[in-house]
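Here's the structure, in structure tokens; my notes come after.
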Amino acid sequence: MRRRYYGGRRRWEFVGMTRRELYGLLTGIIIFALASLLPLVNTGYGLSLGVTIAMYTVLSTSWALFSGPTHYISLATAAFFGLGMYVVGGGLEMYPFPILILIAAGVGAVLAGFIGIATLRLSGVYFVIFTLGLAELIRQLVTWGQTTLGTSSGLYVLTNIDEKMIYWQLLVLAAFVYLIGWWINRSKLGFALRIIGNDEKVAAHSGINTALVKVLLFMVSGSIAAVTGALLAPRWTYIEPTIAFSPMLSFLVVIMALIGGAHRLWGPVLGVVPFALVWDLITAKFPNQTALMLGIAFLLIVYAIPHGFIGLGEKYWAKYKVWRDRA
Amino acid sequence: MNKFSFHKPLITGVAIAAMAVSISAVSAETIKIGASAPKTGPLAGGSTVSYWPNVKLWVEQVNARGGIKLKSGKAKIELIEYDDRTNPGEAIKNIQRLATQDKVDFILAPYGTGFNLATAPIFAKFNYPLITHTAITDKIDVLTKRYPNIFFTLGSTTAFSVSVVNILKKMRADGKIGSRVAMVNVADAFGIEMANAARPVFKKEGFEIVYDKSYPLGSPDLSPVIRGAKASKPDAFVAWSYPPDTFGLTAQAKVQGLNVKAYYTAVATAFPAFGGKFGKAAEGILGAGGINPDEAAMKKYFAAHRKVTGKTPDYWASGMVYATFQILEKAIEGVGTKDRKAVINYIKNNAFKTVMGPIKFKNQNNEKFWTVGQWQGGKFYGVSSTGRPGAKSINAKPKW
Amino acid sequence: MTEVTALSIQNVSKNFGGLVAVDQMTFDVMEHEVVGLIGPNGSGKTTMLNLISGFLKLSSGQVGVFGKSITGRSANRIARRGIARTFQLVRMLPSMTVRENVAAGGVFGYQRYWGVELDRRTNFVIEQVGLGGKDAMPVVALTYIDQKRVELARALISDPQLILLDEWLAGLNPKEMEIGIKLINELRFEGRTLIIVEHYMDAIRSLCDRCIVMNSGAKIAEGSPHEVLSDPEVVRAYLGDNDA
Amino acid sequence: MDIIIIGMLLGGAYALMAMGLQLQYGVARIMNLANGEMLVAGSFAAFWIFTGYQYSPVLSIVIVAPLAFGANWLIYKIFMRPLVKRAKSEGQLEVDSILSTFGQSFILVGLMLALFGGEYFSYSYLEEPFEIMGEAYELNRIIAFLFSAVLCGSLYFWLNRTRLGLTFRAVSVNAEAAGLVGINVPRAAALAFGIGGAVTASGGALLSMFLTFDASVGVIFTMKALVIVIMGGVRDIRGTILIAFVLGLAETAVASLIDPGLTLAAAYFLFIIILLFRPEGLFGRRSV
């Protein structure tokens, strides 16, 4: 791995990392270490919430890997997620679980590659709705395929994988996503992505194969979503297309990422955690007005925090810097 | 416009809603019961008819009696309910929360096959009895071996499809219909399993399936389906359908004059809304489930349900849901404590009198259940069962 | 001057629906030559540049760079072949610093740098275009001429074989214009091959070795700045038929 | 032949679902994810008026439409306008309006749930056979179709022939330029959003005659409407209308001739094909 090019203040280095990056890495390791202890402390409700948070963290972060820098809002997460689930649901009797995870990754990447190539000419809202439509198409085809070819079984995922295992697997996946994200950010690929996100024409005229970069990133993102679906299949035990390919999932992933801030690697998780907690609090406290309360909470967030939590943080950080420089 | 002025009404709204949430009064001895099922999302339509009113009814009735009888005295029920928004992840979390945060004594089974299966591991882990009321599966054997605490009351997919075939066989034997069957199904796990189970049985019994198609869940227009079925000139029409399409198919069949002597739609045929919508036209329509509404216990249940919830129960799942609550109640009283393991054992080894008739589990499975019902004179009567008495005779469906 | 053809344009046309924006253009640019592409508004100059850089796909004709065809190639492959450009309306990468904006041109272009080399090269061109000391600034905070400098630096950093400047001097005040002309002049003495689209005739006169005049998408004159600017047809094209 | 008639009837229903969204997106630039909930709200109103007061769902439009207009106009003024003001780019507005209307859709679901409960609603009104060329069709579908056709026609005429309509089209083509020539863009956008909402809710009232609905079903309508509007090209109502009918015909043809199981798959397949060959929708103009 080569060193990042715009060092600026490269006063202190450790295997090619700046002091800031090293601190970031250490913080990350500590957070992950702490997070991985959760199942030892609480195997009940806390763990359930942990699985939910870990799942959305992976999905939102991998979504933001592609959509953050390029500003292409993809609503196809459910398609990858559902396919991953179906790979496990359909193949459990034939292959061991780890192999299925790999297959899910491959299927996700291939599908994302196709979507990527197909959507090169689309932009803005057309891309958004295209991905939504495609996810629905896949769901319809899976449903139809299940009807015409399917046997009555194959949708039950009866394994010995318990919630603890799922949680740890998700954590490993999350760590993997962060590492990939970090690596992309400091590689030429990440630099190219940022240029594309700023101005695609300039990117092309600087020699960047914009199509290739976008498709590659989309494949990474789709593959991760498929693996997430595969990992969660044992938790749901019984898979139906309406539930595996729920469009609500795609929307939630986008919304959590945006609430956190999609332009930083660690942005989405800042959206996922409070969102999941508030969501949960509302479910617990307002069982009969869940939808209403969620809507209200939602609007409060949208209007009070226009640029996500990251945007909020950056605003105050900038203010602090002004104040510090003055002092 | 002042940037924040539009927040005020919202905040007021939150405050009002917060106040509106009632806080259950805590008496000296209580028994905490948890419930989680959809109040929103795709399955909410079903659960608000068959599930939630029964929860309300049962809790009110028990508390009006002074509570559940324990050895230490009567314990009133303190209910904790959650909305799973028809999302399995949410359902799992809710059950976990009930078990570990709220530390409830017992949990009522969730609504729908998928949700019962998704949460079964948690019920098992914390030794809660899971008396399902709306789970139909062919994996009963596997699941009961895996989870010693799960109980099935509604039967298996095969039993349901076989009894439909048997009814048609009987009608054919009586000379009411011929051998031509048009079969359609909703392209969802339920519809697919049913159709797959029925197909070989029809063939074996010498029926000719002249039309065999599926349609996606949420099809806005089912007229091509009915048109296709009608064109195949069937003697009987069988649809493994879900609530919205049960209504849609029947409306189309009526308008297009699909006149068959045996007309069957699956889930929601037993809903009061079905009878309400189609009125006289519902006469003679066959559907999944059924009860004996003329039985005294059932009549009493219907009256109480109407009085407490203001709604008519449906003629199938409602009674079953209520029956499972009765089983739980009697099992707790039989044991006399909140000991969940003992309650599970009690359920396994005893017979229970319920609104649906006596229920006794064999290998955690109730083998006596209604499978097919028919609208007769404005009520939905059970006409076929696996060993329930009181089945009405089957009428040929009149023309629309 | 060695006579190597840097760019050769043969019968290049572009139509938008029924409208012919560029009509059968043919010309060559020699290595180390500075060519001015001039003509009245709407004569197709910018379209011509867009066709060379791959911004637009050409309808017919051939384009070659140093004897190799780049006809119909996409913009990124043309950039890799050594053609860099600036845009008529400045295109910054708004969320990035000056340094990153400049570096953007040097990672994937004709000469590709990364790591320390990129650092060194970026420093060099930033100094060259006169942006020294401003490299950590966000580009949105820059003055107009500094933004133009960023674009020029972004084009220069990959050491391209041919640079297309699309009205690079437009919108500058007289003082800035002087600086700008000086900058381009330096590039000229460096021996760079340039195509300049410009309205400002004094700049054309002082900078260009040769001029190509376009009108209604077609070439109407070619020669030294002095020659073409005194050509009656060119004068007519600029002033309209009535005045000729 | 009956495929064409059924397809047209279905197309009419789709047009009712999508036209309102087209006005809201095309003119006011709000991708309204609460569109389906507004439609269901119209259905509930019609249901309530029909079962409670025995007034025809068709007549209920007289009440539903102005109420929905008012409600949507307010929604625009209170919720959407601040977003339009603070948005620096069209992309930012898109993101913000997705987030905001997503929240609104939850609130609407919650309100309807509180008011009407969560069960399925269905009633019979004019559920009688009506014969066209020897084949029976549902009378209420035909009435909905006629209404839809009238609505399409009058909207199209109004957009093309009246002053306000022209204003809308100008805003839809280029809001900035429209502002420069003296059009009050915020006012036009608020009006368009309100009218769009009114059209959607009226559509809901008509559709309730033959569709079973419940409080949480809105998202299905939203998705259908989004797909239709995008396929047609967001800036032209002709596209929306045409696609609604094309989709209706295509779905019916597939259901009747190939397999009913593939109806929705066919719809989305068509959607993807159209976008692959015309990335800006059928009537979209490519911006160069």
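Chain letters run A, B, ... following the sequence lines, proteins first and then strands; every chain starts at 1. Keep in mind that the numbers below use all heavy atoms, side chains included, and drop hydrogens, waters and symmetry copies.
- For B:K93, the parts sitting under 4.5 Å from any heavy atom of chain A are the backbone and the side chain alike.
- Heavy atoms of B:T137 lying under 4.5 Å from chain A belong to its backbone as well as its side chain.
- If you measure heavy-atom distances from A:T283 to chain B, the contacts under 4.5 Å come from both the backbone and the side chain.
- Highest contact tally toward chain B, considering only A:T52, A:V51, A:D162, is held by A:T52 [criterion: heavy-atom pairs under 4.5 Å].
- Using a 4.0 Å cut-off between a side-chain N of Lys or Arg and a carboxylate O of Asp or Glu, B:R97 and B:D102 do not qualify as a salt bridge.
- Between the side chain of B:T100 and the backbone N or O of A:G44, no donor-acceptor pair lies under 3.5 Å.
- Most heavy-atom pairs under 4.5 Å with chain A: of the set B:I92, B:T86, B:T40, this distinction falls to B:I92.
- With a 4.5 angstrom heavy-atom cutoff, A:L294 touches chain B only via side-chain atoms.
- Looking at B:D83, its side chain does come within 3.5 Å of a backbone N or O of B:K39 through a donor-acceptor pair.
- Aromatic ring orientation, B:F123 versus B:Y128: perpendicular (interplanar angle above 60°, classes split at 30° and 60°).
- Of the residues considered (A:A284, A:A297, A:G46), A:A284 shows the highest number of contacts with chain B, using heavy-atom pairs under 4.5 Å.
- With chain B as partner, the option from A:M55, A:E163, A:R235 having the largest number of non-hydrogen pairs under 4.5 angstrom is A:R235.
- With a 4.5 angstrom heavy-atom cutoff, B:I95 does not touch chain A via any of its atoms.
- Note on ring orientation: taking the six-membered ring where Trp is involved, the planes of A:F275 and A:F298 are perpendicular (angle over 60°, cut-offs 30° and 60°).
- By the 6.0 Å contact criterion, CZ on B:F126 is enclosed, its count of non-hydrogen atoms from other residues, nucleotides or ligands being greater than 12.
- The existence of a salt bridge linking B:R85 and B:E90 is confirmed by a sub-4.0 Å separation between a basic side-chain nitrogen and an acidic carboxylate oxygen.
- Neither the backbone nor the side chain of B:D84 comes within contact range of chain A; no heavy atom of the residue lies under 4.5 Å from a heavy atom of that chain.
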